[in-house]
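Scroll down for the structure; my scribbles are underneath it.
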Amino acid sequence: MNDIVHIPTSGMIIAALIVVVIAGAVQWLTKRDGVAILWAGIRMTAQLIAVGFVLEFLFSANSPWWTLLILTVMEAFAVLTVFGQHKGSLTTKMKILVAGSLILGTLFAMLIFVIGIMQVDNWWDPRYVIPIFGMIAGNSMTGINLAIRNLTVGVEENRLDIEQALIYGATPRIAIRPVVRRALTAAITPTMTSMLSMGIVFLPGMMTGQVLSGTPPLIAVTYQAVIMVGIFTSVAMTVITVLALITRTVFDTRARLIAPKK
């Protein structure tokens, strides 16, 4: 069970040739996207090789300071990626709220998972912290993107209903509540769908990787189950926090609706 099948060089060459063939076919059909596919494959390979060397160093160093540095870099990239998805639509105040929600949600969920669920001796152990944080931050980033997009679109599309509710005496929180509910549902639905179909419709990548590397299936299943709990916890906390904070920024001090920037 513990024998690891190493992928030979010839296997890697075959994989690369498959990408080249597909890119060529797409380029012939679309006249443009084939080059993008090749670039994506090259960039992915370079990034993964670099990450492999970094992880080798971190695992051997086993230092809390190096782990904190990597977590800071990963969190910064996650925040900047969210900002990049909403260029021009986020005010400075919104950016602060989004960054704070993402940082607090992902770090809190990671600590719960590592310390409370896995009960690792050293919370900063890079072998556990970095891969887990990557999965948590990536899914939370997707959730927060969906929440912001659906909230922005929902406020714009339901502007008249919200303003009418305010005229009839509703508080800003009550007037915007239907939009917030829809934004929350849209943000957590992808994670919930993955949880519902996992194990029946598909086997997740982490579990598949563990099984292929020789980990007994029942142990791999246990890891995958608790990691999904950690991911869902982070997504839910991050999305709920950001929606609760950002909704306050779409009203002025006199409880009047402010049209969000596009």
Please determine whether side-chain hydrogen bond (donor to acceptor under 3.5 Å, both in side chains) holds for the pair Ser140 and Thr106, giving the CA-CA distance in whole Å, both sets of side-chain angles, and the decisive distance to 0.1 Å.
CA-CA 7 Å; Ser140 297; Thr106 52; over 6 Å; no
Taking the side chain as every heavy atom from C-beta outward, state whether Leu71 and Val129 have any atom pair closer than 4.5 Å.
yes
Do you know the tightest heavy-atom contact between Leu151 and Ala183?
N-CB, 3.9 Å
Thr81 OG1 to Gln85 CD distance, which is reported to the nearest 0.5 Å:
7.5 Å
Which hydrophobic side chains are connected to Met237, either touching it within the sub-4.5 Å cutoff or through other members that do?
Phe108, Ile112
Could I get the full list of ring pair (Phe, Tyr, Trp, His ring centres under 6.0 Å) partners for Trp66, not counting sequence neighbours?
Phe57
Heavy-atom side-chain proximity of Asn145 to Thr142 below 4.5 angstrom:
no
Evaluate side chain to side chain contact (heavy atoms under 4.5 Å, CB included) for Met94 paired with His86, printing each intermediate quantity in order.
CA-CA 11 Å; Met94 285 182 175; His86 304 278; over 6 Å; no
Mind running side chain to side chain contact (heavy atoms under 4.5 Å, CB included) on Ile130 and Leu55 for me, showing each step along the way?
CA-CA 9 Å; Ile130 293 175; Leu55 291 178; 4.0 Å; yes
Using only atom types and a distance under 3.5 Å, with no angle test, would you say the side chain of Asn122 pairs donor to acceptor with the backbone of Trp124?
no
Look at the side-chain heavy atoms of Ile, Leu, Val, Met, Phe, Trp and Tyr, link any pair under 4.5 Å apart, and say whether Val54 and Trp65 land in one connected group.
yes
Can you hop from Leu146 to Val250 via hydrophobic side chains spaced under 4.5 Å?
no
Where do Lys95 and Phe83 come nearest, in terms of heavy atoms and distance?
O-CZ, 3.4 Å
Give a yes or no on whether Phe59 atom CZ has more than 12 heavy-atom contacts from other residues, nucleotides or ligands under 6.0 Å away.
yes
Determine whether Met118 and Ile132 make a side-chain contact, defined as any pair of heavy atoms from C-beta on separated by less than 4.5 Å.
yes
Nearest heavy-atom neighbours spanning Ala187 and Gly143:
CB-O, 3.3 Å
Is there a continuous path of hydrophobic side-chain contacts, each under 4.5 Å between heavy atoms, that joins Val26 to Met44?
no
I need the minimum non-hydrogen distance between Ser234 and Gly105, along with the two atoms involved.
OG-O, 3.8 Å
Surrounding CH2 of Trp123 (heavy atoms of other residues, nucleotides or ligands, distance under 6.0 Å), is the total greater than 12?
yes
